[in-house]
Amino acid sequence: MKLSREDVLHIALLARLGLAETEIDKFREQLSNILENFEILQSVDTADTPATAQPFPLHNVLREDEVVPSLPPDQILANAPQKERDFFRVRAVLE
Amino acid sequence: MSFETIIGLEVHAQLLTRSKMFCRCSADYASTPPNTHVCPICLGMPGVLPTINKQAVEYTLMTALALNCQIADSTKFDRKNYPYPDLMKGYQISQYDAPIGYGGWLNIEVDGQRKRIAITRVHLEEDVAKLVHHAATGGEGYSLVDVNRAGVPLMEIVGEPDLRSPEEARHYLVKLRTILQYLGVSTGNMEEGSFRCDANISIRRQGSHNSMAKVEVKNMNSFKAVYRALEYEARRQRKAVSEGGKLTQETRGWVEERGKTVSQRSKEYAHDYRYFPEPDLPPLILSREWVEEIRAKLPELPEERRQRFIADYKLPLYNASLLTGSRAMADYFEDCLKTGILSNLSLPKRAKMVSNWLLGEVSRIMNANDIDIANFRGKVSPGRLIKLLALNLQADISTATAKSVLEEMFKTARDADDIIHQRGLSQISDTEAIEQEVLAVIKQNTQAIADYKAGKTQALKFLVGQVMRATGGRADPKLVNELIEKKLAEVSPSGEGR
């Protein structure tokens with residue numbers, strides 16, 4: 001399956017990536033390749049295989065409702081590009 | 001042209017767990033300094049591993065069962081992807097195609113008519129961070145992010161569009177909140193945001209099955225706001241169509257101050273959520289044993305409790321409905337009956353008396369002070385209230401005095417005994433003392449006595465009133481009545497002794 005230029009731009013927007021003109025074609029090629037590989041996988045007959053959301057044979061991994069101390073705000077904010085007092089600061093986003 | 005209103009509600013309720021949904025940070029974010037209940041899992045740092053809070057799953061199971069839902073045999077979590085700064089990870093962990101509960105229902109009663117409202121699904125997800133917006137003043141506007149709320153367990157309850165009026169919507173919300181409170185899974189506080197509601201509303205021509213454009217209404221922060229927003233929207237849609245306009249499918253926000261809904265420009269690609277199974281969380285198998293264990297632990301729900309109040313305490317439907325309207329009120333009522341005080345009275349008699357006080361004087365005090373029964377209980381415990389009622393019943397104090405003592409008990413959180421003693425309020429049951437007052441009143445009111453003798457029984461009431469006034473309301477009215485009748489039988493019409 002060959003992705004269209006619009007598909008690539010839409011995916012880029014969802015990922016919040018700005019693409020240069022040359023990159024659009026490059027990623028169109030690469031993403032199409034990935035999808036083609038999945039098409040090969042999809043050709044396998046799975047009629048007798050139950051659907052699964054998880055490759056591991058695990059279920060019901062639960063924890064008790066107990067509180068442990070959190071990290072101090074200065075550590076929480078250590079990687080923030082912008083902060084103000086003990087808050088993360090971000091550009092205004094309007095609904 | 002006549003239209004019908006179609007409403008469906010979507011409710012989000014924060015669960016009362018100690019820790020967050022997928023990490024062990026405290027879920028108590030109210031009145032904590034910003035970003036103090038945060039860890040690398042809350043922030044979605046690379047390499048972290050979320051784990052499922054068992055209590056949150058059980059609370060959701062309890063709710064689904066109480067709402068008569070089917071329970072999924074197996075369920076899982078999914079990632080809902082969208083870019084917004086209240087999501088630290090860039091996605092919210094939610095449940096997409098395998099909710100914990102589905103296909104349930106809830107009964108409401110409007111104007112004495114019972115109506116069943118279908119519940120589409122009950123699922124579990126996580127709350128998001130809180131944004132504080134700062135308007136641009138000269139420079140660029142910005143938002144401050146507090147992550148404490150992110151990751152608090154959030155239960156979503158989606159109802160079918162079975163509601164036909166804002167009034168029905170209000171009943172549904174109140175009933176749903178009451179059930180959550182009875183279950184003890186959520187505070188149900190709308191003003192504090194632990195119980196939130198979005199609505200879908202549309203209209204259709206009477207008799208038609210085709211609704212017009214569906215409008216989603218958001219930003220309703222109280223029960224009253226939901227009612228007003230839906231009223232407004234139902235009217236707006238009718239008006240638009242009647243004037244030949246066309247309705248558009250859109251999201252509108254309720255603006256409380258302006259009393260209207262306003263179109264919100266929808267986010268571009270907002271609905272491209274790209275759900276996929278959360279790879280970090282193994283699926284949940286909800287075994288029959290587990291579900292039955294939870295079902296067995298369900299507390300008595302509002303409707304059952306109301307029926308029991310009618311059956312056991314012989315209360316009228318109206319009183320039983322009001323008392324069981326909140327779990328806290330129903331508990332207060334039953335705690336009063338459990339004290340053992342006044343146990344010489346029959347249970348229905350005691351119940352009637354406590355009910356009358358709770359729905360009368362106690363409700364009046366709560367309304368006047370804008371508080372609920374929990375606040376009232378903090379001042380006047382059930383034990384203290386029923387002791388007051390006992391004093392009233394045993395004629396130590398009159399009902400009027402009891403009311404004023406209750407007011408003071410509420411203000412000062414003291415015992416009735418204390419207040420009565422300190423203010424010298426106890427009823428005078430000493431015959432000699434009352435007799436003196438009666439004689440004095442008889443002397444001063446010759447006209448009333450003449451009237452009484454002439455057959456005007458009203459005059460007796462007047463005389464009793466005079467004695468009560470002379471004793472500051474502390475005389476036992478029954479005794480006063482008896483003594484006056486006795487004395488009047490002894491005196492001549494002129495008021496002179498025989």
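Note: hydrogens, waters and symmetry copies are ignored here, and every other heavy atom, side chains too, is used. Since the structure is predicted, the reported quantities are computational estimates derived from the model, not experimental observations. Throughout, protein chains are lettered first and strands after them, A, B, ... in sequence-line order, and every chain is numbered starting at 1.
- Separation of atoms CD (A:Gln82) and CG (B:Leu144) is listed at 10.0 Å; rounding is to 0.5 Å.
- Residues B:Pro283 and A:Gln54 have side chains in contact (heavy-atom distance under 4.5 Å, counting atoms from C-beta outward).
- Across all their heavy atoms, B:Ser26 and A:Ser70 have their closest contact at N-OG, 4.5 Å.
- The main-chain N or O of B:Pro34 is never found under 3.5 Å from a side-chain atom of A:Asp86 such that the two would form a donor-acceptor pair.
- Closest approach of A:Asn60 to B:Trp290, counting heavy atoms only: ND2-CZ3, 4.0 Å.
- If you measure heavy-atom distances from B:Asn148 to chain A, you find no contacts under 4.5 Å at all.
- In plain terms, the two heavy atoms of A:Phe87 and B:Val145 that are nearest each other are CD2-O, 3.6 Å.
- Residue B:Lys130 places its NZ atom among 12 or fewer non-hydrogen atoms of other residues, nucleotides or ligands, all under 6.0 Å distant.
- Heavy-atom contacts from other residues, nucleotides or ligands closer than 6.0 Å to NZ of B:Lys214 number 12 or fewer.
- Inspection of non-hydrogen atoms places A:Val61, A:Leu62, A:Arg63, A:Glu64, A:Asp65, A:Glu66, A:Val67, A:Val68 of residues 61-69 of chain A under 4.5 Å from chain B.
- Residues satisfying the ring pair (Phe, Tyr, Trp, His ring centres under 6.0 Å) test with B:Tyr96, not counting sequence neighbours, are B:Tyr275.
- Between chain B and the options A:Gln75, A:Arg91, A:Arg89, A:Glu84, the largest number of non-hydrogen pairs under 4.5 Å is found for A:Arg89.
- Within 6.0 Å of atom CZ in B:Arg252, more than 12 heavy atoms from other residues, nucleotides or ligands are found, so the atom counts as buried in its surroundings.
- Separating the CG atom in B:Asp272 from the CG atom in A:Leu14 is a distance of 4.5 Å, to the nearest 0.5 Å.
- Of all residues in residues 58-65 of chain B, none places a non-hydrogen atom less than 4.5 angstrom from a non-hydrogen atom of chain A.
- In this structure, the portion of B:Cys23 lying under 4.5 Å from any heavy atom of chain A is its backbone and not its side chain.
- Residue B:Leu43 touches chain A through its side chain alone, counting heavy-atom pairs closer than 4.5 Å.
- For the set B:Gly141, B:Ser143, B:Pro33, the entry with the most heavy-atom pairs within less than 4.5 Å of chain A is B:Ser143.
- Rounding to the nearest 0.5 Å gives a distance of 11.0 Å between CG of B:Asp146 and CZ of A:Arg85.
- Neither the backbone nor the side chain of B:Phe77 comes within less than 4.5 Å of any heavy atom in chain A.
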Worksheet entry | Test log, rule side chain to side chain contact (heavy atoms under 4.5 Å, CB included), inputs A:Ile76 and B:Val147 | CA-CA 10 Å; A:Ile76 289 302; B:Val147 188; 5.7 Å; no
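- Remark: B:Tyr142 pairs with B:His134 by the ring pair (Phe, Tyr, Trp, His ring centres under 6.0 Å) rule, at least two apart or across chains.
- Summarising the geometry, atom CG belonging to A:Leu58 is positioned 11.5 Å from atom CG belonging to B:Leu281; distances are rounded to the nearest 0.5 Å.
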